[in-house]
Amino acid sequence: MPGGIFLIGPMASGKTAVGRELARLTGAPFIDTDAEVTGEHGSIAGIFARGGEPAFRAVEARALRRAADAADRTGAVVATGGGAVLEPANRRLLSERFTVYLETDLETVWPRISGSGGRPLLAGDPLQRWTDIFAAREPFYRECSTLTIDARAATPAELAATIDDAHRRRAEQHGGTP
Ligand SMILES: Nc1ncnc2c1ncn2[C@@H]1O[C@H](COP(=O)(O)OP(=O)(O)OP(=O)(O)O)[C@@H](O)[C@H]1O
Ligand SMILES: O=C(O)C1=C[C@@H](O)[C@@H](O)[C@H](O)C1
Ligand SMILES: [Mg+2]
């Protein structure tokens with residue numbers, strides 16, 4: 001299996017927060033594809049305003065491809081965007097790698113999204129939007145993941161430790177490579 005650890009899951013499930021902790025714990029580099037995209041193209045809201053969701057998905061797919069190439073070399077931890085699983089090429093890439101689905105629910109994310117600045121897809125009615133988007137994507141999160149963890153009742157540091165343990169166990173079972 002190629003290198004790195006990839007985090008997937010719905011908006012505000014904790015991909016960025018857990019990924020940062022996991023990189024700190026393991027000493028691996030951390031790549032957040034949303035941050036890569038905004039570093040290159042400006043705010044997510046601005047990309048959506050200029051070119052709609054397709055424009056964002058195109059630059060996101062390129063950022064994920066680059067992150068995967070870097071992770072092959074460095075073992076980086078990669079936090080994806082919540083909608084990365086929408087693109088078939090991204091799903092193939094994630095399915096071939098050590099990909100962790102951060103499973104959560106509306107009750108857990110609600111306090112994190114109710115203000116919801118910066119996430120154009122939640123504009124209007126964040127509760128209903130999150131629920132509808134999650135229902136549509138959940139099968140993709142399952143399809144792409146090597147491991148699913150319950151991300152609801154633990155801190156990002158605790159979740160990072162759980163993922164690190166599982167990743168190490170898998171490497172042991174596969175003779176040194178996950
Ligand atoms: N396990 C957790 N416990 C408490 N707070 C958390 C936890 N995970 C994340 N948070 C907080 O919830 C908010 C959203 O988390 P984060 O940005 O990591 O989500 P995300 O999955 O990366 O979302 P997006 O798909 O929009 O990038 C942040 O303020 C973060 O600190
Ligand atoms: O779930 C989504 O579609 C998104 C999640 C965020 O991480 C960003 O990638 C963007 O706001 C879109
Ligand atoms: Mg994030």
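Both counts, for ligands and for their atoms, begin at 1 and track the order of listing. Just so it is clear, the model here is predicted, and its values are computed rather than measured. The first residue of the sequence shown is numbered 1, and numbering continues consecutively from there.
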| query | Do you see an N/O/S atom of Thr80, backbone or side chain, under 2.8 Å from the Mg ion (ligand 3)? | reply | no
| message | Just by distance, no angles: are the side chains of Thr26 and Asp164 close enough, under 3.5 Å, to form a donor-acceptor pair? | response | no
| field | Shortest protein heavy-atom distance from atom 11 (O) of ligand 2, along with the residue and atom involved | value | Ile44 CG2, 3.8 Å
| message | Please list, in number order, the atoms of ligand 2 under 4.0 Å from a heavy atom of Gly81. | response | 7 (O), 9 (O)
| message | Give the atom numbers and elements of ligand 2 that come within less than 4.0 Å of a heavy atom of Asp34. | response | 6 (C), 7 (O), 8 (C), 9 (O)
| Identity and separation of the nearest protein heavy atom to atom 26 (O) of ligand 1 | Arg119 NE, 2.6 Å
| query | What class does the angle between the rings of Tyr101 and Tyr141 fall in, given that below 30° is parallel, 30 to 60° is tilted and above 60° is perpendicular? | reply | parallel
| task | Could you list which atoms of ligand 2 come closer than 4.0 Å to a heavy atom of Arg137? | result | 1 (O), 2 (C), 3 (O)
| Are more than 12 heavy atoms from other residues, nucleotides or ligands located less than 6.0 Å from atom CZ of Arg65? | yes
| To which protein heavy atom is atom 31 (O) of ligand 1 closest, and what is the distance rounded to 0.1 Å? | Ala17 CB, 4.3 Å
| query | Any nitrogen or oxygen of Phe48, main chain or side chain, under 3.5 Å from a nitrogen or oxygen of ligand 2? | reply | no
| remark: protein heavy-atom neighbour closest to atom 14 (C) of ligand 1 works out as Ala12 CA, 3.9 Å
| request: Tell me which one of Gly14, Ala157, Ala154, Pro111 gets a heavy atom nearest to atom 1 (N) of ligand 1. | output: Ala154
| said: So for Arg57, does at least one of its heavy atoms come nearer than 4.0 angstrom to any atom of ligand 2? | reply: yes
| query | Charged N to carboxylate O below 4.0 Å: is that the case for Arg137 and Glu143? | reply | no
| field | Salt bridge Asp34-Lys15, side-chain N to carboxylate O under 4.0 Å | value | no
| query | Counting both backbone and side chain atoms, is some N or O of Ser13 under 3.5 Å from an N or O of ligand 1? | reply | yes
| query | Stepwise, does the salt bridge (charged side-chain N to carboxylate O under 4.0 Å, His left out) test hold for Arg97 with Asp72? | reply | CA-CA 10 Å; Arg97 290 170 168 78; Asp72 283 345; 3.4 Å; yes
| task | Mind checking whether Arg112 contacts ligand 1 via backbone (N, CA, C, O), side chain (CB onward), both or neither, at a 4.0 Å heavy-atom cut-off? | result | side chain
| query | Which protein non-hydrogen atom lies closest to atom 5 (C) of ligand 2, naming both residue and atom, and how far is it? | reply | Gly82 N, 3.3 Å
| Which heavy atom of the protein is the closest neighbour of atom 21 (O) of ligand 1, given with residue, atom name and distance? | Lys15 NZ, 2.7 Å
| Is the closest heavy-atom distance from Gly9 to ligand 1 below 4.0 Å? | no
| note | Counting heavy atoms under 4.0 Å, the part of Asp32 that contacts ligand 1 is neither
| Mind checking whether Arg119 has an N or O less than 3.5 Å away from an N or O of ligand 2? | no
| task | Answer yes or no: is there an ion pair linking Arg169 with Glu172, defined by an N-O contact shorter than 4.0 Å? | result | no
| field | Glu87 and Arg91 ion-paired at < 4.0 Å | value | no
| Does one side chain, of Asp165 or Thr162, offer a donor that lies under 3.5 Å from an acceptor on the other? | no
| request: Note the single closest protein heavy atom to atom 27 (O) of ligand 1, along with its residue, its atom name and the distance in Å. | output: Asp34 OD2, 3.3 Å
| field | Closest non-hydrogen atom pair, Ala67 against Ile31 | value | CB-CG2, 3.9 Å
| Just heavy atoms, cut-off under 4.0 Å: does Ala79 contact ligand 1 by side chain, backbone, both, or neither? | neither
| request: Please verify whether a non-hydrogen atom of Pro10 lies at under 4.0 Å from ligand 1. | output: yes
| query | Does any N/O atom on Leu121 come nearer than 3.5 Å to any N/O atom on ligand 2? | reply | no
